[in-house]
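Report on the structure given below.
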2 protein chains.
Amino acid sequence: MHVDDLPIEQKIKYVQDTLFVISGKWKLPILIAISQGSNRFRDIQRQVLPITTRVLTKELRDLEQNKLVIRTVYDTSPVLVTYDVSAYCKSLKPLVDEMILWGKNHRKKLIE
Amino acid sequence: MHVDDLPIEQKIKYVQDTLFVISGKWKLPILIAISQGSNRFRDIQRQVLPITTRVLTKELRDLEQNKLVIRTVYDTSPVLVTYDVSAYCKSLKPLVDEMILWGKNHRKKLIE
């Protein structure tokens with residue numbers, strides 16, 4: 001079924017579901033940072049400034065619950081914890097690419 | 001320039017700009033409702049439940065400032081106010097379609 005054929009109530013519901021997962025200032029930036037090679041907490045935090053430790057902890061937990069991030073704990077001393085994007089997370093790429101393009105253009109638009 | 005070639009800091013900035021405009025529970029649902037023919041305040045409100053009058057007023061103002069919604073006041077008695085999506089608003093369609101598809105699929109994914 002094509003998107004345009006969905007009833008409006010369904011469209012709104014699915015968009016709200018998506019927004020619920022990716023909304024807010026941090027989730028997508030965190031996913032971008034991880035997917036580009038920041039795999040440890042402090043590296044992610046450095047890339048996504050000025051996020052606080054408390055907020056980043058919460059956001060990573062939410063992303064893990066939504067199956068977008070995989071947290072791995074290595075039994076080393078000291079314990080090593082890494083974050084990776086899941087294979088499923090890659091399904092967000094078309095959406096994120098659209099957001100990058102739109103944000104790039106919107107800046108110009110507001111100056112017009 | 002292709003999206004993938006942008007530096008990560010730029011990507012994050014553009015995504016944050018886009019999120020700033022469309023984030024939250026209501027803005028896209030409001031735009032969808034208007035674009036599907038709800039052009040008056042009460043009609044929009046009915047379609048985007050349970051939004052309050054106060055929040056809808058604020059959201060419509062934000063959307064107008066971002067050039068996505070056009071508010072027209074007709075000099076009738078009583079005064080008639082209509083809301084339309086701008087031509088520019090249509091630039092959000094690829095993004096919104098991606099969000100509908102993603103939200104539709106995500107529901108299944110979480111049950112897996």
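Note that these values count all heavy atoms, side chains included, but never hydrogens, waters or copies made by symmetry. Labels below follow one simple rule: chain letters A, B, ... track the order of the sequence lines, proteins then strands, and each chain is numbered from 1. Note that this is a predicted model, so its numbers are computed, not measured.
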Exercise. Using a cut-off of under 4.5 Å on heavy-atom pairs, state which of A:Leu28, A:Leu92, A:Asp97, A:Val21 scores highest against chain B.
Key: A:Leu92
Quiz item: Looking at A:Lys109, A:Lys25, A:Gln10, which has the largest count of heavy-atom pairs under 4.5 Å with chain B?
Solution: A:Lys109
Exercise. May I ask whether A:Leu101 and B:Leu6 are part of the same hydrophobic cluster, defined by side-chain heavy atoms of I, L, V, M, F, W, Y residues being less than 4.5 angstrom apart, directly or through others?
Key: yes
Quiz item: Side chains of A:Gln16 and B:Trp26: does their closest heavy-atom pair fall under 4.5 Å?
Solution: yes
Self-check item: Shared hydrophobic cluster, B:Leu63 / B:Ile70 (ILVMFWY, side-chain heavy atoms < 4.5 Å)
Solution: no
Exercise. Examine B:Leu56 and B:Leu80 and state if one hydrophobic cluster contains both, with Ile, Leu, Val, Met, Phe, Trp and Tyr joined whenever side-chain heavy atoms are less than 4.5 Å apart.
Key: no
Quiz prompt | Among A:Asn66, A:Val48, A:Val96, residue most engaged with chain B (heavy-atom pairs, under 4.5 Å) | solution = A:Asn66
Quiz item: Out of curiosity, A:Ile12 CD1 to B:Leu49 CG, how far, rounded to the nearest 0.5 Å?
Solution: 9.5 Å
Quiz item: Hey, would you say the B:His106 and A:Tyr88 ring centroids sit under 6.0 Å apart?
Solution: yes
Self-check item: Polar side-chain atom of A:Ser23 near backbone of B:Gly24 as donor-acceptor pair, under 3.5 Å
Solution: yes
Quiz item: Measuring from A:Asp17:CG to B:Arg107:CZ, what's the distance to the nearest 0.5 Å?
Solution: 4.0 Å
Practice problem: Could you tell me which non-hydrogen atom of A:Leu19 sits nearest to which non-hydrogen atom of B:Pro29, and how far apart they are? | Solution: CD1-CD, 4.5 Å
Exercise. Examine A:Ile44 and A:Val73 and state if one hydrophobic cluster contains both, with Ile, Leu, Val, Met, Phe, Trp and Tyr joined whenever side-chain heavy atoms are less than 4.5 Å apart.
Key: yes
Quiz prompt | Side chain proximity check, A:Asp4 to B:Lys93, heavy atoms < 4.5 angstrom | solution = yes
Practice problem: Grab the two heavy atoms, one from B:Ile8 and one from A:Ala33, that are nearest each other, plus how far apart they are. | Solution: CD1-CA, 3.9 Å
Quiz item: Side chains of A:Lys104 and B:Lys11: does their closest heavy-atom pair fall under 4.5 Å?
Solution: no
Quiz item: Side chains of A:Met99 and B:Ile22: does their closest heavy-atom pair fall under 4.5 Å?
Solution: yes
Quiz prompt | Interatomic spacing from OG1 in B:Thr18 to CH2 in A:Trp102 - rounded to 0.5 Å | solution = 6.0 Å
Self-check item: Cluster link A:Phe20 to B:Ile32, ILVMFWY, side chain under 4.5 Å
Solution: no
Quiz item: Where does A:Lys67 contact chain B at under 4.5 Å (heavy atoms): side chain, backbone, both or neither?
Solution: side chain
Quiz item: chain B heavy atoms under 4.5 Å from A:Leu68: which part of the residue, side chain, backbone, both or neither?
Solution: side chain
Quiz prompt | Validation row: A:Glu9, B:Gln47 side chains within 4.5 angstrom (heavy atoms) | solution = yes
